[in-house]
Each structure stands twice: as C-alpha cells, then as structure tokens.
Amino acid sequence: MYREFADTLIEEVKANNAAGRPTRWILPCGPRGQYPIFIQRVNHERISLKNVHIFHMDDHLDWQGRHLPLDHPFCYEGWMTREFYGPIDKDLNVPPGQRHFPRVSALDEMAEKMREVGGIDSVYGGIGYRGHIAFNEPPRSPWYRITREQFRDCTTRILHLNDDTLIAISQRAAGGCSDIVPPMVVTLGMRELLSAKRIRLYSETGAWKQTVIRILLFGNVSPEIPATYCQEHADCLVTVDAATAACPPLGI
C-alpha cells in the first residue's frame, strides 16, 4: 500500500513537470510509510519538486492551543521538516516558501494561499477510527448541533481532540499513555479538502478500520463519519490493505 501511495505521488509530479504545470497537494503527517519510498525515488530519479506547493493538513497543539516546539515528538511540522524535506536533495527540494503549515495566529492563511496558487490538485491522507480526515472529527457537544451543510463548509480551525481519537493516538504512538498526547489540534476544514480535484485515502490499520471503511463507502453522508462526505466528490479513491478490507468478526 505504501509503495502504491508513493508511486501515485511520483507519477503525479512527473506528469505535471512534463506538462509545465505546478503540483499542488494537501499532505498528511500520517500515514508515513510512503515517504521514504517517495524520497528515494525523487533523489535517485532526479525528480524536481521545485514547482510543488504542499499544504500540510493539521498539527497538534498544547492544552492551551499553542504550537508545540519543533522537536516535540507530536509536532507534525517538526517531523515533516526533518523526515520528509530533510533527506531530499536540496537541488530537487520543495522551496521553503512553498511549504505551508497551519498557524493558529492566521487560520485563514491556508485557504488564501490555496487560492493564490490556483487551488489544490490532490488531497492525500489517512482515515481516522471514527472517519475523520485531517482532524475533522465528529462534533461531540450535547449542547449544540452542527448541520450536515455546516460541517461540509467548515474551514481551518482549532479544536479539542475527541476522547476516542486521543485514546487511539496514545495506543499507537505513546504506549497507551494518554497524558502525553497533546489534546488540541489545528486542522484544515472539509471545505479545503473537498475543494481538491482528487482525493486519495489510504489505510492499513486492520480491524480498527474495517467498520469505518464500510460506512465510508455505503453509509449515509453525515458529520458522525466525516469521510462519508467523500461520496459526494467526483474523484475519490480509497486504498486499503487486505486486513482492513476483511470482513469484521460480526459479519457487518
């Protein structure tokens, strides 16, 4: 799956380079297994990323809603700077001015920059346990309601992680220690994600995602499973491994 992911990135940028077009992506910090493959091919095949514009979809914040230090293990900007941009040959790399990270002090900046470069070609990302894309999580407050239309139109914002997401992250990335998972995030909204020409989603989580994948494909469009909004998109492809595609134990 990761090789398929990396090859898709490579083929898109090569086609755009050959046609003299820019490449405009929204990219995740996770999943991550595709990036070493992508980087190796870029360096080995001498593929220029000079005309690539990358919008990073989200990042963790501390409990007060402030950005984490770049060396913090949950800082996505720091990880991408070190592990994605860092190993790429400087003669091929994405120029720093074309690497865009969401900022709590300028929430509308990402959407403005997207308009400046002519929109987004492709969104690449994973799928959360409850169907969130980026950190567009299902609204959980018992005191107010967000309509289906309002959620579709949500834009870059700051929010608290839902409990189930925090627990899932702690299980996968912190040995189950939920105390060290930063509880707030900044994320691009569904408006930005759905505005892209193409959406490409990937998952190899296995049993954790077997149900949400089926709801994404066959369920009703609802903020309760945000990925279901992809049903309304003209060009969305979901790629999963065999374990994630397998039938859940209850035969759902």
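Computed from a prediction, not measured in an experiment: that's the story for all the values here. Along the sequence shown, residues carry numbers from 1.
- By the criterion of side-chain heavy atoms lying less than 4.5 angstrom apart, applied directly or through intervening Ile, Leu, Val, Met, Phe, Trp or Tyr residues, Met110 is not grouped with Val186; the two fall into different hydrophobic clusters.
- Between Leu237 and Leu201 the shortest side-chain heavy-atom distance does not fall below 4.5 Å.
- Ion pair Glu192/Lys113 not flagged as a salt bridge, since none of the NZ, NE, NH1 or NH2 atoms sits closer than 4.0 Å to an Asp/Glu carboxylate oxygen.
- Cluster annotation: Ile127 is connected to Val123 through the hydrophobic network of ILVMFWY side chains, with a link wherever side-chain heavy atoms come within less than 4.5 Å.
- Once rounded to the nearest 0.5 Å, the distance linking CG of Leu161 with NE2 of His60 reads 6.0 Å.
- Using a distance-only test at 3.5 Å, with no hydrogens or angles considered, no donor-acceptor pair links the side chain of Asp71 to the main chain of Gly78.
- Going from atom CG of Asn136 over to atom CE of Met57 covers 9.0 Å, rounded to the nearest 0.5 Å.
- Applying the salt bridge (Lys or Arg N to Asp or Glu O under 4.0 Å) test to Glu77 and every residue at least two apart in sequence or in another chain returns Arg103.
- Side-chain contact check for Ile158 versus Met184: some heavy-atom pair is nearer than 4.5 Å.
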For residues 162-180, please give each side-chain donor-acceptor pair under 3.5 Å, one per line with the distance, not counting sequence neighbours.
residue, atom, partner, partner atom, Å
Asn162, ND2, Pro138, O, 3.0
Thr165, OG1, Glu137, OE2, 2.2
Ser170, OG, Ile167, O, 2.7

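- Arg157 contributes no side-chain N or O that, together with a main-chain N or O of Cys154, makes up a donor-acceptor pair within less than 3.5 Å.
- Expressed to the nearest 0.5 Å, how far NE2 of His67 lies from SG of Cys75 amounts to 8.5 Å.
- Interatomic distance, CZ of Arg99 versus CG of Leu27, reported as 12.5 Å (0.5 Å rounding).
- In this structure, Thr228 contributes its side chain and Ser222 its backbone to a donor-acceptor pair below 3.5 Å.
- Using cut-offs of 30° and 60° on the angle between ring planes, the pair Tyr76 and Phe135 is parallel.
- Within a 6.0 Å radius of CG in Asp91, other residues, nucleotides and ligands contribute more than 12 heavy atoms.
- Asp121 places a side-chain N or O within 3.5 Å of a backbone atom of Arg24 that can act as its donor or acceptor partner.
- Lys197 has its side chain out of reach of Ser122: every pair of non-hydrogen atoms, C-beta onward, lies at least 4.5 Å apart.
- A distance-only check finds no donor-acceptor pair linking the side chain of Thr156 to the backbone of Leu188 [under 3.5 Å].
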Task: Derivation of the side-chain contact (heavy atoms from CB on, under 4.5 Å) call for Arg148 and Val221 - done: CA-CA 8 Å; Arg148 174 173 154 176; Val221 176; 3.9 Å; yes
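- Transitive grouping of hydrophobic side chains (ILVMFWY, heavy atoms separated by less than 4.5 Å) brings Ile26 and Met190 into a common cluster.
- Note that CG of Leu194 is 12.5 Å distant from CD1 of Ile120, once rounded to the nearest 0.5 Å.
- What you find for Gly125 and Pro28 is that their closest heavy atoms are CA-CG, 3.8 Å.
- Residue Phe38 is grouped with residue Val94 when hydrophobic side chains (ILVMFWY) are merged at heavy-atom distances under 4.5 angstrom, including chains of intermediate members.
- Side-chain atoms of Thr187 and Asp58 form no donor-acceptor pair, as typed in the model, at a separation below 3.5 Å.
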- [ ] Under the side-chain contact (heavy atoms from CB on, under 4.5 Å) rule, what do Arg130 and Glu224 come out as? Steps first, then yes or no, please.
- [x] CA-CA 8 Å; Arg130 292 293 296 173; Glu224 275 300 301; 3.5 Å; yes
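- Sorted by first then second residue, the ring pair (Phe, Tyr, Trp, His ring centres under 6.0 Å) pairs that include residues 215-242, not counting sequence neighbours, are Phe151-Tyr229.
- Counting only heavy atoms from C-beta outward, the side chains of Asp62 and Pro182 never approach each other to under 4.5 Å.
- In this structure, a donor-acceptor pair under 3.5 Å is absent between the side chains of Thr244 and Glu204.
- The main-chain N or O of Thr147 is found under 3.5 Å from a side-chain atom of Gln150 such that the two form a donor-acceptor pair.
- Sequence neighbours left out, not one pair with a member in residues 154-177 passes ring pair (Phe, Tyr, Trp, His ring centres under 6.0 Å).
- Applying the 6.0 Å contact sphere to CZ of Arg66 captures no more than 12 heavy atoms from other residues, nucleotides or ligands.
- When only modelled atom types and interatomic distance are considered, Thr239 and Glu4 share no side-chain donor-acceptor pair under 3.5 Å.
- Taking all atoms of both residues into account, the shortest heavy-atom contact from Gly128 to Val212 is O-CG1, 3.9 Å.
- Residues Thr155 and Arg191 have side chains in contact (heavy-atom distance under 4.5 Å, counting atoms from C-beta outward).
- For Arg82, there are no salt bridge (Lys or Arg N to Asp or Glu O under 4.0 Å) partners, not counting sequence neighbours.
- For the pair Arg32 and Trp79, the distance from NZ or CZ to the six-membered ring centre is under 6.0 Å and the angle to the ring normal is within 45 degrees.
- In terms of hydrophobic clustering, with Ile, Leu, Val, Met, Phe, Trp and Tyr side chains grouped at heavy-atom distances under 4.5 Å, Ile39 and Leu92 are assigned to a common cluster.
- Judged by distance alone, with hydrogens and angles left aside, the side-chain atoms of Gln231 form a donor-acceptor pair with the main-chain N or O of Gly219 at under 3.5 Å.
- Judged purely by distance below 3.5 Å, without hydrogens or angles, the side chains of Gln40 and Tyr35 never pair a donor atom with an acceptor atom.
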Side chains of residues 44-56: which donor-acceptor pairs under 3.5 Å do they make with residues two or more places apart or in other chains?
residue, atom, partner, partner atom, Å
Glu45, OE1, Arg41, NH2, 3.3
Glu45, OE2, Arg41, NE, 2.6
Glu45, OE2, Arg41, NH2, 3.1
Arg46, NH1, Asn43, O, 3.4
Arg46, NH1, Asp89, OD2, 3.1
Arg46, NH2, Asp89, OD2, 3.4
Ser48, OG, Lys50, N, 3.2
Lys50, NZ, Lys90, O, 3.1
Asn51, ND2, Arg21, O, 3.4
His56, NE2, Tyr85, OH, 2.7

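- Side-chain N or O atoms of Thr205 include none that pairs as donor or acceptor with a backbone N or O of Trp208 at under 3.5 Å.
- The distance from atom CZ of Arg3 to atom CD of Gln34, rounded to the nearest 0.5 Å, is 12.0 Å.
- The closest side-chain heavy-atom distance from Tyr202 to Tyr124 is below 4.5 Å.
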- [ ] Show the numbers, then the answer: is there a side-chain contact (heavy atoms from CB on, under 4.5 Å) between Arg214 and Cys247?
- [x] CA-CA 9 Å; Arg214 284 159 172 78; Cys247 188; 4.3 Å; yes
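- In this structure, the side chain of Glu83 does not engage the main chain of Met80 through any donor-acceptor pair within 3.5 Å.
- The pair Asp7-Lys14 does not count as a salt bridge, with every side-chain nitrogen at least 4.0 angstrom from each carboxylate oxygen.
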TODO: Tell me, with the steps shown, if Val238 and Ile213 meet side-chain contact (heavy atoms from CB on, under 4.5 Å).
DONE: CA-CA 9 Å; Val238 181; Ile213 289 296; 4.2 Å; yes
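- The shortest distance between side-chain heavy atoms of Ile146 and Pro139 falls below 4.5 Å.
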